[in-house]
Amino acid sequence: MTKKENILRAAARLFASQGFDGTTTLQIASEAGVTEPLIYYHFTGKDEVFTSILMAGFDRYYIRLQDLENQGGNAFSRVERLIALHFSIVDEMPAEAFLIISACPAKLNDPEHLCRKIVEKQQKWVAGYLRRCIKEGIDTGEFVPMPIMPTVDTLIALLNGAMRRRVLKLEQSKTVRQATVAFCRRALCG
(Lines give C-alpha, C1' and ligand atoms only; values in the text may rest on other atoms or scores of the structure.)
Protein backbone atom coordinates (compact mmCIF):
# COMPACT_ATOMS: atom_id res chain seq x y z
CA MET A 1 0.00 0.00 0.00
CA THR A 2 1.36 3.43 -0.91
CA LYS A 3 1.66 6.24 1.61
CA LYS A 4 -1.13 8.10 -0.19
CA GLU A 5 -3.43 5.07 0.13
CA ASN A 6 -2.43 4.77 3.78
CA ILE A 7 -3.40 8.41 4.33
CA LEU A 8 -6.80 7.85 2.71
CA ARG A 9 -7.55 4.73 4.79
CA ALA A 10 -6.49 6.41 8.01
CA ALA A 11 -8.55 9.50 7.19
CA ALA A 12 -11.61 7.40 6.33
CA ARG A 13 -11.39 5.64 9.71
CA LEU A 14 -10.97 8.93 11.56
CA PHE A 15 -13.70 10.75 9.64
CA ALA A 16 -16.06 7.84 10.31
CA SER A 17 -15.30 7.73 14.03
CA GLN A 18 -14.79 11.44 14.82
CA GLY A 19 -16.54 13.23 11.98
CA PHE A 20 -14.98 15.48 9.37
CA ASP A 21 -14.88 18.57 11.59
CA GLY A 22 -13.52 16.62 14.56
CA THR A 23 -10.55 15.27 12.61
CA THR A 24 -7.34 17.21 12.00
CA THR A 25 -4.67 16.62 9.39
CA LEU A 26 -2.22 16.05 12.26
CA GLN A 27 -4.41 13.20 13.53
CA ILE A 28 -4.61 11.75 10.02
CA ALA A 29 -0.82 11.90 9.70
CA SER A 30 -0.34 10.21 13.06
CA GLU A 31 -2.87 7.46 12.25
CA ALA A 32 -1.26 6.88 8.83
CA GLY A 33 2.27 6.87 10.23
CA VAL A 34 3.39 9.79 8.06
CA THR A 35 4.26 13.43 8.61
CA GLU A 36 1.64 16.13 8.24
CA PRO A 37 3.56 17.83 5.39
CA LEU A 38 3.25 14.59 3.40
CA ILE A 39 -0.52 15.00 3.50
CA TYR A 40 -0.12 18.44 1.95
CA TYR A 41 2.26 16.98 -0.63
CA HIS A 42 -0.49 14.66 -1.86
CA PHE A 43 -3.58 16.79 -1.12
CA THR A 44 -4.43 20.49 -0.91
CA GLY A 45 -6.07 19.92 2.45
CA LYS A 46 -8.60 17.95 4.45
CA ASP A 47 -11.41 18.65 1.94
CA GLU A 48 -9.43 17.05 -0.87
CA VAL A 49 -8.63 14.06 1.35
CA PHE A 50 -12.37 13.64 1.97
CA THR A 51 -13.19 14.01 -1.73
CA SER A 52 -10.49 11.50 -2.64
CA ILE A 53 -11.93 8.98 -0.19
CA LEU A 54 -15.37 9.35 -1.79
CA MET A 55 -13.96 9.08 -5.31
CA ALA A 56 -11.86 6.01 -4.51
CA GLY A 57 -14.79 4.29 -2.81
CA PHE A 58 -17.14 4.99 -5.67
CA ASP A 59 -14.54 3.96 -8.24
CA ARG A 60 -14.29 0.53 -6.57
CA TYR A 61 -18.07 0.38 -6.36
CA TYR A 62 -18.54 1.22 -10.06
CA ILE A 63 -16.05 -1.43 -11.13
CA ARG A 64 -18.14 -3.96 -9.23
CA LEU A 65 -21.37 -2.60 -10.77
CA GLN A 66 -19.92 -2.92 -14.26
CA ASP A 67 -19.01 -6.53 -13.50
CA LEU A 68 -22.70 -7.20 -12.82
CA GLU A 69 -23.50 -6.27 -16.42
CA ASN A 70 -21.13 -8.96 -17.66
CA GLN A 71 -22.63 -11.76 -15.60
CA GLY A 72 -25.38 -13.84 -17.12
CA GLY A 73 -28.27 -15.57 -15.49
CA ASN A 74 -31.96 -15.03 -15.24
CA ALA A 75 -33.51 -11.73 -14.19
CA PHE A 76 -33.89 -12.58 -10.52
CA SER A 77 -30.33 -13.89 -10.15
CA ARG A 78 -29.12 -10.53 -11.47
CA VAL A 79 -31.30 -8.65 -8.94
CA GLU A 80 -29.99 -10.94 -6.20
CA ARG A 81 -26.36 -10.22 -7.20
CA LEU A 82 -27.10 -6.47 -7.03
CA ILE A 83 -28.40 -6.88 -3.48
CA ALA A 84 -25.39 -9.02 -2.52
CA LEU A 85 -23.01 -6.46 -4.00
CA HIS A 86 -24.43 -3.68 -1.84
CA PHE A 87 -24.19 -5.72 1.33
CA SER A 88 -20.61 -6.77 0.55
CA ILE A 89 -19.55 -3.19 -0.24
CA VAL A 90 -20.66 -2.11 3.23
CA ASP A 91 -18.77 -5.03 4.78
CA GLU A 92 -15.61 -4.38 2.74
CA MET A 93 -15.56 -0.58 3.07
CA PRO A 94 -17.34 0.23 6.34
CA ALA A 95 -15.64 3.60 6.94
CA GLU A 96 -16.22 4.81 3.38
CA ALA A 97 -19.83 3.60 3.45
CA PHE A 98 -20.38 5.41 6.75
CA LEU A 99 -19.00 8.64 5.28
CA ILE A 100 -21.33 8.39 2.29
CA ILE A 101 -24.36 7.67 4.48
CA SER A 102 -23.55 10.32 7.08
CA ALA A 103 -21.87 13.15 5.16
CA CYS A 104 -23.32 13.07 1.67
CA PRO A 105 -27.00 13.71 2.50
CA ALA A 106 -26.14 17.20 3.78
CA LYS A 107 -24.49 17.97 0.44
CA LEU A 108 -27.24 16.72 -1.88
CA ASN A 109 -28.94 20.12 -2.23
CA ASP A 110 -25.84 21.54 -3.93
CA PRO A 111 -25.98 20.48 -7.61
CA GLU A 112 -22.24 21.13 -7.97
CA HIS A 113 -21.10 19.08 -4.98
CA LEU A 114 -19.33 15.79 -5.63
CA CYS A 115 -21.74 13.89 -3.38
CA ARG A 116 -24.71 15.01 -5.47
CA LYS A 117 -23.00 14.04 -8.71
CA ILE A 118 -21.93 10.65 -7.37
CA VAL A 119 -25.34 9.82 -5.93
CA GLU A 120 -27.12 10.88 -9.14
CA LYS A 121 -24.78 8.68 -11.21
CA GLN A 122 -25.22 5.74 -8.84
CA GLN A 123 -29.01 6.04 -8.69
CA LYS A 124 -29.25 6.35 -12.47
CA TRP A 125 -27.10 3.25 -12.99
CA VAL A 126 -28.94 1.13 -10.42
CA ALA A 127 -32.34 2.27 -11.75
CA GLY A 128 -31.35 1.37 -15.31
CA TYR A 129 -30.02 -2.02 -14.24
CA LEU A 130 -33.15 -2.85 -12.25
CA ARG A 131 -35.41 -1.57 -15.05
CA ARG A 132 -33.72 -3.91 -17.52
CA CYS A 133 -33.92 -6.87 -15.11
CA ILE A 134 -37.59 -6.30 -14.30
CA LYS A 135 -38.57 -5.77 -17.95
CA GLU A 136 -36.78 -8.97 -18.96
CA GLY A 137 -38.33 -10.85 -16.03
CA ILE A 138 -41.82 -9.74 -17.02
CA ASP A 139 -41.20 -10.45 -20.71
CA THR A 140 -39.99 -14.00 -19.98
CA GLY A 141 -42.72 -14.72 -17.42
CA GLU A 142 -40.21 -15.05 -14.57
CA PHE A 143 -41.75 -11.99 -12.85
CA VAL A 144 -45.40 -11.16 -12.38
CA PRO A 145 -46.60 -8.17 -14.41
CA MET A 146 -46.05 -4.92 -12.50
CA PRO A 147 -45.44 -1.24 -13.17
CA ILE A 148 -41.70 -1.13 -13.81
CA MET A 149 -40.57 2.33 -12.66
CA PRO A 150 -42.54 2.40 -9.38
CA THR A 151 -41.13 -1.08 -8.66
CA VAL A 152 -37.60 0.12 -9.44
CA ASP A 153 -38.05 3.09 -7.11
CA THR A 154 -39.37 0.81 -4.35
CA LEU A 155 -36.46 -1.62 -4.72
CA ILE A 156 -33.94 1.23 -4.62
CA ALA A 157 -35.59 2.60 -1.46
CA LEU A 158 -35.49 -0.88 0.10
CA LEU A 159 -31.84 -1.32 -0.81
CA ASN A 160 -30.89 2.18 0.40
CA GLY A 161 -32.71 1.60 3.69
CA ALA A 162 -31.12 -1.80 4.26
CA MET A 163 -27.67 -0.37 3.52
CA ARG A 164 -28.23 2.61 5.82
CA ARG A 165 -29.27 0.30 8.66
CA ARG A 166 -26.22 -1.91 8.10
CA VAL A 167 -23.79 1.02 7.92
CA LEU A 168 -25.22 2.56 11.09
CA LYS A 169 -25.22 -0.87 12.78
CA LEU A 170 -28.96 -0.68 13.42
CA GLU A 171 -29.85 -4.07 12.03
CA GLN A 172 -30.63 -6.61 14.70
CA SER A 173 -30.03 -9.70 12.62
CA LYS A 174 -27.28 -11.06 10.43
CA THR A 175 -29.95 -12.44 8.11
CA VAL A 176 -31.09 -9.09 6.70
CA ARG A 177 -29.47 -9.83 3.34
CA GLN A 178 -31.32 -13.16 3.05
CA ALA A 179 -34.57 -11.51 4.16
CA THR A 180 -34.10 -8.76 1.55
CA VAL A 181 -33.55 -11.34 -1.19
CA ALA A 182 -36.56 -13.41 -0.02
CA PHE A 183 -38.77 -10.31 0.09
CA CYS A 184 -37.74 -9.31 -3.44
CA ARG A 185 -38.32 -12.87 -4.71
CA ARG A 186 -41.88 -12.84 -3.32
CA ALA A 187 -42.56 -9.35 -4.67
CA LEU A 188 -41.16 -9.98 -8.15
CA CYS A 189 -41.89 -13.65 -8.76
CA GLY A 190 -45.23 -13.86 -7.00
Side-chain angles (χ1 to χ4, degrees), residues 9 12 16 51 53-109 111 113-190:
R9 287 192 183 202
T51 300
I53 292 167
L54 292 180
M55 290 301 297
F58 272 102
D59 286 347
R60 290 193 307 258
Y61 171 73
Y62 284 119
I63 289 168
R64 302 269 300 275
L65 285 176
Q66 293 304 319
D67 286 345
L68 288 180
E69 288 286 1
N70 300 326
Q71 297 176 14
N74 63 22
F76 189 77
S77 68
R78 293 197 326 272
V79 170
E80 185 175 12
R81 283 194 298 268
L82 179 68
I83 294 167
L85 167 69
H86 283 84
F87 277 88
S88 67
I89 287 289
V90 171
D91 293 340
E92 294 165 17
M93 302 186 313
E96 293 88 342
F98 181 83
L99 290 178
I100 292 163
I101 293 292
S102 64
C104 276
K107 313 290 187 193
L108 294 179
N109 287 333
H113 196 277
L114 176 66
C115 285
R116 169 86 178 243
K117 292 175 182 179
I118 287 172
V119 168
E120 284 177 347
K121 179 180 176 183
Q122 183 262 352
Q123 293 292 297
K124 182 178 177 182
W125 192 96
V126 171
Y129 181 85
L130 285 171
R131 186 181 63 248
R132 290 186 299 278
C133 290
I134 293 170
K135 181 174 180 343
E136 178 188 318
I138 292 169
D139 290 348
T140 62
E142 181 182 355
F143 295 165
V144 296
M146 65 191 76
I148 294 174
M149 285 316 296
T151 303
V152 166
D153 290 340
T154 301
L155 292 177
I156 289 173
L158 173 69
L159 196 53
N160 287 344
M163 299 296 60
R164 178 174 292 279
R165 290 184 58 80
R166 189 172 192 98
V167 166
L168 298 175
K169 297 176 177 51
L170 297 174
E171 67 183 42
Q172 306 260 328
S173 167
K174 296 295 181 188
T175 61
V176 173
R177 175 179 161 187
Q178 292 88 348
T180 302
V181 169
F183 177 83
C184 289
R185 184 181 308 281
R186 287 189 305 274
L188 296 170
C189 300

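Computed from heavy atoms alone, side chains included, the values below leave out hydrogens, waters and symmetry copies. All residue numbers in this chain count up from 1 along the given sequence.
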query = Is the side chain of Arg132 donor-acceptor paired with the backbone N or O of Gly128 at a distance under 3.5 Å, no angle test?
reply = yes
key: Residue pair Arg64 / Ser88, side-chain donor-acceptor N/O under 3.5 Å   = yes
query = Just by distance, with hydrogens left out, do Asn74 and Ser77 show a side-chain donor and acceptor under 3.5 Å apart?
reply = yes
ask   = Do Ile89 and Met163 touch side chain to side chain, with heavy atoms closer than 4.5 Å?
value = no
key: Close side-chain approach of Phe76 and Cys184, heavy atoms under 4.5 Å   = yes
ask   = Hey, are the side chains of Met146 and Leu188 touching, using non-hydrogen atoms and a 4.5 Å cut-off?
value = yes
request  = Taking the side chain as every heavy atom from C-beta outward, state whether Phe98 and Leu168 have any atom pair closer than 4.5 Å.
outcome  = yes
request  = Specify the closest pair of heavy atoms between Val144 and Gly190, including all atoms of both residues, with the distance to one decimal.
outcome  = CG1-CA, 3.8 Å
message = Is it the case that the side chain of Glu142 and the backbone of Ala75 share a donor-acceptor pair, with hydrogens and angles ignored and the cut-off at 3.5 Å?
response = yes
inquiry  = Quick check: closest heavy atoms across Leu159 and Ile83, and the distance to 0.1 Å?
reply    = CD1-CA, 4.1 Å
task = For the pair Glu92 and Arg60, evaluate salt bridge (Lys or Arg N to Asp or Glu O under 4.0 Å) and give the outcome as yes or no after the intermediate values.
result = CA-CA 11 Å; Glu92 294 165 17; Arg60 290 193 307 258; over 6 Å; no
query = Atom CD1 in Ile63, atom CG in Leu68: separation rounded to 0.5 Å?
reply = 12.5 Å
key: Lys121 charged N/C atom sitting above Tyr62 aromatic ring, 6.0 Å / 45°   = yes
request  = Could you grab the distance from atom CH2 of Trp125 to atom CG of Leu65, nearest 0.5 Å is fine?
outcome  = 4.5 Å
Where Arg131 and Ile148 come nearest, the two heavy atoms and their spacing = CG-CG2, 3.6 Å
message = I need the minimum non-hydrogen distance between Ala162 and Thr180, along with the two atoms involved.
response = CB-OG1, 4.4 Å
query = CD1 of Ile156 to OH of Tyr129: how many Å apart, nearest 0.5 Å?
reply = 12.5 Å
message = Between Asn160 and Gln123, is there a side-chain heavy-atom distance shorter than 4.5 Å?
response = yes
key: Minimal non-hydrogen separation, Pro111 against Lys117, with atom names   = O-CE, 3.8 Å
inquiry  = Just so I know, are the side chains of Arg185 and Val79 near enough to count as touching, which here means a heavy-atom distance under 4.5 Å?
reply    = no
message = If I take atom CG from residue Leu82 and atom NE2 from residue His86, how far apart are they, to the nearest 0.5 angstrom?
response = 5.0 Å
inquiry  = Keeping Arg177 on the side-chain end and Phe87 on the backbone end, is there a donor-acceptor pair under 3.5 Å?
reply    = no
ask   = Going by heavy atoms in the side chains, are Thr154 and Leu158 under 4.5 Å from each other?
value = no
task = Give a yes-or-no answer on whether the side chains of Gln122 and Tyr61 include a donor-acceptor pair shorter than 3.5 Å.
result = yes
request  = Examine the side chains of Gln71 and Arg81 and answer whether a donor and an acceptor come within less than 3.5 Å of each other.
outcome  = yes
request  = Salt-bridge test for Lys124 and Glu120: reply yes if a basic N is under 4.0 Å from a carboxylate O, no otherwise.
outcome  = no
task = Work out which heavy atom in Glu136 is nearest to a heavy atom in Gly73; give both atom names and the distance.
result = OE2-O, 4.4 Å
